[in-house]
Amino acid sequence: TGCTITETHSGPDVIMIDPTILRGRPLQNKMQEARNAIKSDPQDPAPHYFLAKAYLMRGDLDMAEHHFKAIISMSPDSAGPYYELAQINIRRGKYNLAVDQLEKAVEIYPQFQEAHHSLSKLYEKLGKFELAAVHGRIYMELRRKGKPK
C-alpha cells in the first residue's frame, strides 16, 4: 500500500510513506489500492494508516481523522493514531482534545518522544508551565538515551 518500514524512520508509533508516491497518479493509484485492501480486509489497519497519511498530505483533515479513528477502533493500544489525531486537533485549535489524545499516546507508549515534545509545547501554549516542563524533561531524556555513544 505504499507504506515502508525502516529502522531509521519507523517504530512502534510511526510508519513512513514511500516518498516516490507522494503526488499525482502514483498517489491516486496507491490510495485506490488501499481502498481495495480495506474492502477485502476491513480489519487491517495498514491501509487505513496509509490513507490517513495521504489525506493529511492533501490537507483533508476530516478524511484523515476518519481513518485514524478506524485504526483506533481496530487497535486501541496503538499510540501513533492518537498522536496523529492530536496533530489534527492542534491544527483545528481543539487544544484540550489534543492534550487528551497526546496523553493517551504517551500512556500507551511512554518512550514516544514526539508525543512528549508536542505535549510540552501544547501545555506551554495553554499556560500550564509545570506540565510543559515535565514533558519537556521527558522528551530531552528520551533524546539523550536515543543518541549513539
Side-chain angles (χ1 to χ4, degrees), residues 1-6 8-24 26-35 37-38 42-146:
T1 61
C3 293
T4 60
I5 298 178
T6 66
T8 307
H9 299 292
S10 299
D13 50 292
V14 178
I15 297 175
M16 299 301 290
I17 294 180
D18 181 347
T20 64
I21 59 163
L22 294 181
R23 291 191 173 77
L27 178 60
Q28 289 296 98
N29 291 343
K30 291 295 182 181
M31 289 177 77
Q32 189 56 50
E33 285 178 30
R35 287 185 202 99
I38 290 169
Q43 295 305 307
D44 181 3
H48 285 282
Y49 197 91
F50 175 81
L51 283 174
K53 295 296 272 187
Y55 282 120
L56 273 181
M57 287 187 291
R58 298 169 113 198
D60 189 339
L61 301 183
D62 292 336
M63 286 302 292
E65 177 183 42
H66 167 78
H67 286 283
F68 286 126
K69 285 182 175 180
I71 296 165
I72 289 171
S73 72
M74 289 176 246
S75 182
D77 292 332
S78 179
Y82 289 102
Y83 173 81
E84 298 288 358
L85 284 173
Q87 300 311 305
I88 290 170
N89 284 311
I90 289 168
R91 289 172 67 178
R92 291 176 170 161
K94 296 180 179 181
Y95 302 129
N96 290 324
L97 182 54
V99 164
D100 292 343
Q101 291 161 334
L102 289 167
E103 288 286 359
K104 183 67 176 176
V106 299
E107 175 188 321
I108 292 168
Y109 181 50
Q111 294 79 33
F112 197 158
Q113 288 183 33
E114 294 84 359
H116 284 290
H117 186 256
S118 288
L119 270 169
S120 177
K121 296 296 181 190
L122 192 51
Y123 277 134
E124 186 176 320
K125 182 181 208 72
L126 295 171
K128 297 180 179 183
F129 301 110
E130 287 181 28
L131 289 169
V134 166
H135 287 283
R137 281 191 299 273
I138 294 169
Y139 168 71
M140 293 306 293
E141 181 61 29
L142 290 170
R143 280 187 50 96
R144 273 192 295 278
K145 286 181 181 178

Hey, is K69 close enough to E65 for a salt bridge, meaning N to O under 4.0 Å?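 Judged by the 4.0 Å cut-off on N to carboxylate O distance, K69 and E65 do form a salt bridge.
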
Any carboxylate oxygen within less than 4.0 angstrom of a Lys/Arg side-chain nitrogen, looking at R92 and D62?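 Yes, this pair counts.
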
State, to 0.1 Å, how close [X] and [Y] come at their nearest heavy-atom pair, and which atoms those are.
X	Y	answer
L142	P110	CD1-O, 3.8 Å
A98	N89	CB-CB, 4.1 Å
Y139	Q113	CD1-O, 3.2 Å
S118	Q87	OG-NE2, 3.2 Å
A34	F50	CB-CD2, 3.9 Å
H67	A52	CB-CB, 3.7 Å

Distance (rounded to the nearest 0.5 Å) between [X] [atom1] and [Y] [atom2]:
X	Y	atom1	atom2	answer
K121	I90	NZ	CD1	12.0 Å
I38	L51	CD1	CG	4.5 Å
S73	Q43	OG	CD	7.0 Å
R58	M31	CZ	CE	4.5 Å
M74	H48	CE	NE2	3.5 Å
R137	E141	CZ	CD	11.0 Å

Tell me which one of L85, L119, I72 satisfies side chain to side chain contact (heavy atoms under 4.5 Å, CB included) with Q101. L85

Test side chain to side chain contact (heavy atoms under 4.5 Å, CB included) applied to I71 and P76, P47, P81, the passing residue: P81

Is any side-chain heavy atom of L56 less than 4.5 Å from a side-chain heavy atom of I88? yes

State, with a plain yes or no, whether a side-chain heavy atom of F68 is found less than 4.5 Å away from one of K53.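 When only atoms from C-beta onward are counted, K53 and F68 do touch, with a gap below 4.5 Å.
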
Does CD in E130 sit with more than 12 non-hydrogen atoms of other residues, nucleotides or ligands closer than 6.0 Å?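 Atom CD in E130 is not packed in, count stays at 12 or less.
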
Near R143 CZ, under 6.0 Å, is it more than 12 heavy atoms from other residues, nucleotides or ligands?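 No, not enclosed.
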
E103/H135 under side chain to side chain contact (heavy atoms under 4.5 Å, CB included): CA gap, chis, key distance, verdict: CA-CA 10 Å; E103 288 286 359; H135 287 283; 3.5 Å; yes

Please lay out, stage by stage, how V106 and H116 fare under the test side chain to side chain contact (heavy atoms under 4.5 Å, CB included). CA-CA 7 Å; V106 299; H116 284 290; 3.6 Å; yes

Working note: Y83 + L102, criterion side chain to side chain contact (heavy atoms under 4.5 Å, CB included); need CA distance, chi angles, decisive distance, verdict. CA-CA 6 Å; Y83 173 81; L102 289 167; 3.6 Å; yes

Ignoring hydrogens and angles, tell me if any N or O in the side chain of H117 forms a donor-acceptor pair with the backbone of F112 under 3.5 Å.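 No: the side chain of H117 does not pair with the backbone of F112.
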
